[in-house]
Amino acid sequence: MHISEGVLSPAVLIGGAAIAAAGVAAGLKDIDQKEIPSMGILSAAFFVASLIHVPVGPVSVHLILNGLVGLILGWKAFPAILVGTALHALLFQFGGITTLGVNTLNMALPAVICYYLFGWGLKSGSGRSVFIFAAFASGCCAVLISSIMVGFSLYLTGEAFLPAAKLVVAAHLPVMFIEGSLTAACTLFLRKVRPELLEGVYAPK
Amino acid sequence: MEKNELIINLEDITFSYPGGAPVLDKLNFKLHRGNRIGLMGPNGSGKTTLVHIVMGLLKPSAGRIEIFEKPAVTEKDFRKVRGKIGLLFQDADDQLFSPTVLEDVAFGPLNLGKSQDEAMDIARNTLKFLGLDGFEDRITYKLSGGEKKLVSLATILAMEPEVLLLDEPISGLDDKTKATLKNVLLDLDLSYILISHEIDFLAEITDSIYTMENGEILIDQEIHVHQHVHAHPHGVYAHKHK
Amino acid sequence: MEKNELIINLEDITFSYPGGAPVLDKLNFKLHRGNRIGLMGPNGSGKTTLVHIVMGLLKPSAGRIEIFEKPAVTEKDFRKVRGKIGLLFQDADDQLFSPTVLEDVAFGPLNLGKSQDEAMDIARNTLKFLGLDGFEDRITYKLSGGEKKLVSLATILAMEPEVLLLDEPISGLDDKTKATLKNVLLDLDLSYILISHEIDFLAEITDSIYTMENGEILIDQEIHVHQHVHAHPHGVYAHKHK
Amino acid sequence: MIEELSSGNSLIQRLDPRVKIVLVFLFSVVVAVSNRLPVLMWALVLALLIVFTARVPAKELLRRLIPVNMLIVFLWLFLPFTFAGKPLFYMGSLPVTREGVLYATQISIKSNAMMLMLIALVATTPIFTLGHAMHELGIPKKIVHLFFFTFRYIHVMHREYVRLLNSMKIRGFRPKNNLHTYRSFAYMVGMLLVRSFDRAQRVYNAMLCRGYKGNLYSLSKFSLKGRDVISIVLMVAVIIILGVLEWKKTN
Ligand SMILES: Nc1ncnc2c1ncn2[C@@H]1O[C@H](COP(=O)(O)OP(=O)(O)OP(=O)(O)O)[C@@H](O)[C@H]1O
Ligand SMILES: Nc1ncnc2c1ncn2[C@@H]1O[C@H](COP(=O)(O)OP(=O)(O)OP(=O)(O)O)[C@@H](O)[C@H]1O
Ligand SMILES: [Mg+2]
Ligand SMILES: [Mg+2]
C-alpha cells in the first residue's frame, strides 16, 4: 500500500511527514544503541516477509504484516517501518522521497494502535482462544486501518479521489482475513518455538 | 523395472547465477537405478547448484534434463520429479520450518494428497525407522545439529522417494551421528548421489566417486585403497583397524 | 613474557541456557601460552558455549574465569579480553556484516582506536598474509563458503590477538582451503584452541586433543598414530604417503 | 531479486553523494508543490536529461517505472469522471471533465519526473554510500545504523527465505487458496523471524568481539570538488527558475 510520488497534496505530505517524524522519534527513544543490530535484522526479516506472495482467490497479493510488526515491536515499529519504506523506495521505487512520511505513517500507526489494542492478549498468561483472537484481530485491524488511512490520504488531497479511496479499502477486505489468519498462525508458531519474542523483548518494557 | 533404468540424465547443462561467470559449463551426468555416486569438488565448484538444477529449483540456461527417461522442462514436469527424488539440503536449518517434528515430517505426504491421518501415520513410521521415536513433539528449531540432519532426512523419506540427493549430509556432525546416517543409507537400498568433502566416508558408502571441476564432472576417478598414517584418540571412540 | 603464562583458566564453570539442563557442569580448563589444543565432542556437548563463555558473551551461573592471570567478571574486564583473544565463529555469516571485505577487516582496528589510514593498511596487510589480495572490494555476502571462512579469520587477525579460539573452522571446507588454513595456523605461532570433528586435522596441527562430554572436559586423551586403510581418488588431489 | 541498480561510471556517478541527495530532495519538493503544466513539462525534461546522463539501462528504467504507472492508470480510471468541471465529452452518460483530465495529466507527469530523478540517484550511488551521506547530512545516527543493518541483512534473510521456500517446493508444496497454504506460509514467516532473532544475537556478539562500542566507520570520505559546486549552482538555479515560474503564475 504505497502511495506514489506526485499524487498527494503538499498539505497531506507535510502533515504525514510531521506525524511520522514524531512517531519515529518516540520509537527511537525506546531503542538503545546496543539494540540497533538486532532491530536491523528483525526489520530485514519483515522486509523480506513482505515480499512473500500468497494466493487470494484468483490473484496473489504480497503480505503486509504490519499487525505482527506492531505486536513484536510496539513503538519501535515506526523506525523499523520507516527504514523498510525507504528501502522499498530505493530498491524497487515503490513510493518515493516526498511520500516517505505519509507511507510510513499509514503503515506504522496502525501497527502501534494494534499493539495497544491487542498486545495484552499475547502475554504468556492468556488462554489459547484469547491469544488466537488477539493475534487475528491485530493482523486484521492493522490492514483495515492502513487501508482506511491510505484512502483518507487520497480523500484529503481532493474529493475527486473518493471513489478511488473507497475502492482501495474494499480491495483490502479479503486481504484483511488472510493477514489475520497468517498473523494468528505465525504468533502461535512463535509462542511454541520462541515465546520471548512475544513477551516484550523488543517492545518497550 | 529394469535395473539399469536411466534415472537422471543431464546433457550439456550450462548455468550461471545472475551477473556471474558460468558455474556449470556443458556438464554431462548420468545416474542409473542402483547407482550410489559420491561427488566431491572444491568449495564453490557448483555441487549444490547441480543438485538444485536436478530438482528444478534453478533453471539452466542451456542443456537437456531427462528424469526417469522423460524430459523435464516446465515447473509441472519438476513437480512430478519432486515426488520421486528427495533432496537433503546442505544446511539442515533450511529444511525444517514447522514448529514440531511431526508436523514437519507430515508436510510432504500432505502435499502429495494424503489425508491428515495417513500423513501422521507415515510420519510416525518414518521417525521410527530412523530411530527417532519420541521426537514427534520436539520443537524442530531446538534440535541439535545432528538431530536436525536426521529429522531432515525423515522429512524426505516420508515422501517415499526412489532416489536421494544428499548435499554434504555429514559436515559438522559428530562421529556417532555419522555412523547412524551411514547405517540408514546402507539399509535403505536406494539410488543416491552423495556430496561430501570427506573421501573416507564416500569410499565407504558409494560405488564410484566423481569430481567436479571447472563446471564439469570428471568421471574417470579410480578409487585407490592404501595404507595411510592416522591419528585416533584412544578409548572414547571405538575404532576398527585392519 | 614467560612461556608458561596461564592465559585461560576456567574453574568449576557451570552454565545452562534458560529453561534447559546444564550444558557445562563444573568444568575446568587451562590454556598456557604456546599451547595448541584440539577440542572434540558430540554435537550439542557445549563446545561453542565454552568458547563464548571465555569471551564473556555468555555468563556462567557459577565458577571462576581468569584470563591472563586476572579474574574476568564484568563487561569491562571482558572488553580488554576481547582485544587479546580472537574468536572465529562457527557460522561465518554471523561474523561478516560490512558491505565490503576491506571495511569488515578494518572494523576491528578502527574500534581499537586506529586511524582510518592505519586501519586500512592493517586490513590490506592481513588480507595479503592470508593470500586474499584482490578481495578488498568484494561484497561479503557474495563470497563462497570457503572464502567467507578465510575473510572471517582475517577480521580477527587484523586485531592482532595473542590467542585464537577457532570454532569448527574447517567444517564444509574443501581440501585446498583446509590446507591453506593449516599453513596459516602453523605460520602464525599463536596459542589456540581449535574445535573440530575431524581428528586427522586436529592431530596435524595441535599438541593435545581434549574431549567434551557431559558438560566436562576429558583431558587424558592419548593420541595414537597408526596405520590405517584408506581410499583416495587418483590424480586430482595430490596426496602424501608415509 | 533484491539487486541494486548502481554501477557504471557516468559523470553523475562521481558527484558527491550528499550533493545528489540534497538536489534530488529539492527537486522532488518543488515538483510536488507545482501544478502548472509547463513547469511540470520542464521538470520532466530535466529529469529525462539527468537519467540519460546517468546512463541507466533502458530495460531497467522501464521495469522500474511500471509500479508507479500502475497506480497512475488506476487514477486515470477515476479522476476524469469524478473531478468537477466543464465536460469535454461524454462516455455513455458519464461526463469526462476538462479539469479532471488536466489533473490526471499533472499527476502522471509529476510522478514520472520524480521517479526518474530517484532512479537517477540510486543508479549512480550504492545504497551504503547513501547511508553514509545521510549521516553526514544530519540524519540521526540511530536511523542510519538501523538502515545499514536492515539493508545488509535483507540479503541474508532473502537467501534464507528462498531456501525455506525451496524446502517447501521439493516436498511438493503448491500455494492454493486453502488453510494448509496459509498455515505453511505463516510457519515460514515465523521461522524467518526466529532465525533472524538468533542471528541478531550472534552478530551482535561477533561485533562485541571486535571491540564494537556503538560506532560504525565509513572508509569513503566525502569531499566537495569543483564539479560538485558547479552542479549545485546549475541545478539550484534550474530548480529556482521552476519554482519562480510556478509561483508567478499562481499569484
Ligand atoms: N544465490 C547465489 N547467487 C549468486 N551466486 C551464487 C549463489 N549461490 C551460489 N553462488 C555461487 O555459485 C558458485 C557455486 O556455488 P555452489 O553452492 O553450487 O558450490 P558448492 O560446490 O556447493 O560449494 P560448497 O562446497 O561450498 O558447498 C559459487 O561461486 C557461489 O559463490
Ligand atoms: N541460544 C540457545 N538457547 C538455548 N539452548 C541452546 C542455545 N544454544 C545452544 N543451546 C543448547 O546448548 C547445548 C550446547 O550447544 P553448543 O552449541 O555449545 O554445542 P556444540 O558442542 O558447539 O555443538 P556442535 O558440534 O553442533 O556445534 C545444545 O544442547 C544446544 O541445543
Ligand atoms: Mg554446496
Ligand atoms: Mg558448536
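Reminder, nothing fancy here: chain letters follow the sequence lines and each chain counts from 1.
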- Task: Assess whether ring pair (Phe, Tyr, Trp, His ring centres under 6.0 Å) is satisfied between D:Phe173 and D:Phe185, documenting all intermediate values.
- Result: CA-CA 11 Å; D:Phe173 176 75; D:Phe185 275 122; 5.7 Å; yes
Any side-chain heavy atom of [X] within less than 4.5 Å of one from [Y]?
X	Y	answer
B:Ile217	B:Asn28	no
B:Leu57	D:Val162	no
D:Leu23	D:Val236	yes

Between chain B and chain D: donor-acceptor pairs at under 3.5 Å:
{"residue": "B:Asp93", "atom": "O", "partner": "D:Arg195", "partner atom": "NH1", "Å": "2.8"}
{"residue": "B:Asp94", "atom": "OD1", "partner": "D:Arg195", "partner atom": "NH2", "Å": "3.3"}
{"residue": "B:Gln95", "atom": "O", "partner": "D:Ser167", "partner atom": "OG", "Å": "3.0"}
{"residue": "B:Gln95", "atom": "O", "partner": "D:Arg171", "partner atom": "NH2", "Å": "2.7"}
{"residue": "B:Glu103", "atom": "OE2", "partner": "D:Tyr187", "partner atom": "OH", "Å": "2.7"}
{"residue": "B:Asp104", "atom": "O", "partner": "D:Arg171", "partner atom": "NH1", "Å": "2.8"}
{"residue": "B:Asp104", "atom": "OD1", "partner": "D:Arg171", "partner atom": "NH1", "Å": "3.1"}
{"residue": "B:Asp104", "atom": "OD1", "partner": "D:Arg171", "partner atom": "NH2", "Å": "2.9"}
{"residue": "B:Asn111", "atom": "OD1", "partner": "D:His180", "partner atom": "NE2", "Å": "2.9"}
{"residue": "B:Asn111", "atom": "ND2", "partner": "D:Arg171", "partner atom": "O", "Å": "3.1"}
{"residue": "B:Tyr141", "atom": "OH", "partner": "D:Asp198", "partner atom": "OD1", "Å": "3.1"}
{"residue": "B:Tyr141", "atom": "OH", "partner": "D:Asp198", "partner atom": "OD2", "Å": "2.1"}

- Step-by-step side-chain contact (heavy atoms from CB on, under 4.5 Å) determination, B:Leu185 to B:Leu194: CA-CA 10 Å; B:Leu185 288 179; B:Leu194 202 159; 3.8 Å; yes
- Query: Is B:Ser191 reaching over with its side chain to a backbone N or O of B:Gly34, donor-acceptor style, under 3.5 angstrom?
  - Reply: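 Side chain of B:Ser191 to backbone of B:Gly34: a pair is present.
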